[in-house]
Amino acid sequence: MMNKAAKNPQKEHHFEFFGPHGPALLAFVLPAVCYALILGCNKNSCLQLWPDFKLPKINNNIQYYSQDALITYLAWFFGLALLHVVLPGQRADGVLLPDGKRLIYKLNAFRLFVLVYGAALYFGFYTRQLDLGWLYDQFAPLLTAAIIFSTALSLYLYNSSFWKGLLLSSHGNTGYPAYDFWMGRELNPRLLGGRFDLKEFCELYPGMIGWALINLGMAHKQLAVHGSISNSMLLVNAFQLYYIVDALWCESAILTTMDITTDGFGFMLAFGDLAWVPFTFTSAARYLVDHPQNLSTAGVVLVLAVKALGYYIFRGANSQKDMFRSNPNDPRVAHLRTLKTERGTSLIVSGWWGTARHINYFGDWIMGVAWCMPAGLAGLSAVVPYFYCIYFASLLIHRERRDEYACRLKYGKDWDKYCALVRYRIVPYIY
Ligand code: NDP
């Protein structure tokens, strides 16, 4: 069944996510995975693969919905939105849009983070007036609230995208309802007379700040139940906090990402930002509440070494490309060998970018492994604490394919020449 948009298809569509109907399945499977992680690992038992295969015991006492959680979630989302609107922020220009216009964004994510996280630390750990462990107790009902809210938001976004005169994303305007609902039809849905950008807000504010708060809540719960916070919990909190702070501090960098410039705002991003990120990326911290462990000094050194290696590759590769794209004559990158393309730009073929075509993804993934190690090191058999790096590997492999497709369209034959020179996709000599 095709809807009205299909009568005027823009061109042949390239379908991702298992074809035009694949997203209909994904929209059920991904929320199910979120619940499976709770069922698969909770205080009663955890799925174990090795040395013995053990299925988790079915726990019928898990509460999945509560009115308190729903109200708290709504207060969280709309409270942050209000703060975003009323507090001052930096103004930044978005990229040039296909209609020749540029949107202006208000950026104050880091300011809001400092306010909210600071208040949580003060009232949760200093005055002890706030029971942050409630986030652990209400984890599943809060997840349900986030899923209900992101689904309702996506339905609103899909319906409102048919209003006249809106700029649509070519990815999400195929005429296949399930696909367009998933990918998002409208490129930049805005409220309050165009002053409130829904997609940019959801990408960074409720989900990312929520992720940091949930991790903090897990540490609070561990302290309440076991009387201390383990070094593994501290490492998981610190690593992920650094990543979150970096993303919020560099908020303007998101304006040039594929999510903002190309993808519409649909279920994929709404569910991903509001439910998937805060409730699955916190699996390691949640696991540590029920299975606390203190790493030995050697364990801590190993985890820090893996993290440092990942960061060295990630930062080295990304900075090298950023420097080269900003100023190819910069002495730090001027020595690199390049391939001149018909498009006018050059592709680096030595240094980091000569080792693999997305060596930056490899560094990012190694950092992800370090995030999971503090929870998994002492109990390598449990799978759930490693969820993030398993999922992240599949995300990066998929993203690499998407970027490869886009680059082949951009660079044509030059991209084939580049692939012949730099043969590996992500991992040198392996993949
Ligand atoms: P990249 O930073 O890898 O950028 C890809 C673009 O770089 C290409 O489209 C091309 O664009 C340019 N490029 C590719 N090869 C070369 C080359 N040899 N020389 C010069 N330019 C080249 O893409 P992403 O935006 O996907 O990733 C950015 C970072 O964000 C990564 O480190 C990634 O790991 C991370 N990330 C994290 C996620 C998370 O959930 N934590 C999700 C996704 C990404 P052009 O030629 O037009 O400049």
Side-chain angles (χ1 to χ4, degrees), residues 16 95-96 203-204 207-208 211 239-240 242-248 250 253-263 268-269 271-273 276-278 280-282 310-328 330 333-334 336-372 387-412 414-428:
E16 301 171 73
V95 296
L96 197 61
E203 281 272 294
L204 284 184
M208 293 288 272
W211 172 13
F239 287 161
Q240 299 193 352
Y242 179 82
Y243 193 88
I244 294 163
V245 166
D246 184 60
L248 302 178
C250 305
I254 201 174
L255 303 183
T256 54
T257 60
M258 197 194 293
D259 291 7
I260 298 290
T261 61
T262 320
D263 290 336
M268 175 178 78
L269 289 181
F271 168 78
D273 297 338
W276 185 264
V277 168
T280 67
F281 290 11
T282 47
Y311 187 74
Y312 174 65
I313 300 173
F314 169 83
R315 185 50 57 221
N318 282 331
S319 302
Q320 198 169 64
K321 178 159 69 70
D322 288 347
M323 272 181 232
F324 180 77
R325 281 278 176 258
S326 322
N327 175 16
D330 186 314
V333 290
L336 295 170
R337 278 186 290 117
T338 59
L339 175 76
K340 186 96 190 120
T341 69
E342 281 179 19
R343 187 175 174 241
T345 53
S346 295
L347 292 166
I348 308 168
V349 295
S350 69
W352 283 116
W353 295 85
T355 59
R357 300 199 291 276
H358 274 95
I359 188 72
N360 53 343
Y361 288 6
F362 185 43
D364 208 351
W365 182 74
I366 295 175
M367 288 200 293
V369 173
W371 292 7
C372 302
F387 173 76
Y388 177 77
C389 61
I390 297 167
Y391 149 76
F392 198 41
S394 62
L395 178 138
L396 291 175
I397 289 169
H398 178 248
R399 194 173 174 102
E400 190 274 334
R401 298 274 163 164
R402 286 186 94 190
D403 193 50
E404 183 93 357
Y405 179 81
C407 285
R408 188 151 273 120
L409 287 183
K410 270 191 279 189
Y411 290 108
D414 288 324
W415 189 255
D416 294 328
K417 284 188 209 159
Y418 172 61
C419 292
L421 289 168
V422 183
R423 288 174 43 213
Y424 299 100
R425 289 173 181 274
I426 300 179
V427 188

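Counting starts at 1 for both ligands and their atoms, following the listed order. Note that the coordinates shown come from a computational prediction; the quantities given were computed from them, not determined experimentally.
- Applying the side chain to side chain contact (heavy atoms under 4.5 Å, CB included) rule to Tyr312 yields the partners Trp352; only residues at least two apart in sequence or on another chain are considered.
- Separation of atoms CE (Met268) and CG (Asp273) is listed at 9.5 Å; rounding is to 0.5 Å.
- Residues in residues 341-368 take part in these salt bridge (Lys or Arg N to Asp or Glu O under 4.0 Å) pairs, two or more places apart or across chains: Arg357-Glu404.
- Legend: salt bridge (Lys or Arg N to Asp or Glu O under 4.0 Å) pairs involving residues 311-325, not counting sequence neighbours: none detected.
- Residues Asp414 and Lys340 are not paired through a salt bridge, judged by the lack of any N-O separation under 4.0 Å between the basic side chain and the carboxylate.
- A heavy-atom cutoff of 4.0 Å around ligand 1 is satisfied by the protein residues Tyr243, Phe314, Asn318, Lys321, Arg325, Arg343, Leu347, Ile348, Trp353, His358, Asn360, Tyr361, Asp364, Phe392, Leu395, Arg399, Asp403, Cys407, Lys410, Tyr411, Tyr418.
- The aromatic rings of Trp365 and Phe362 sit parallel to each other, their planes meeting at less than 30°, with 60° as the upper class boundary.
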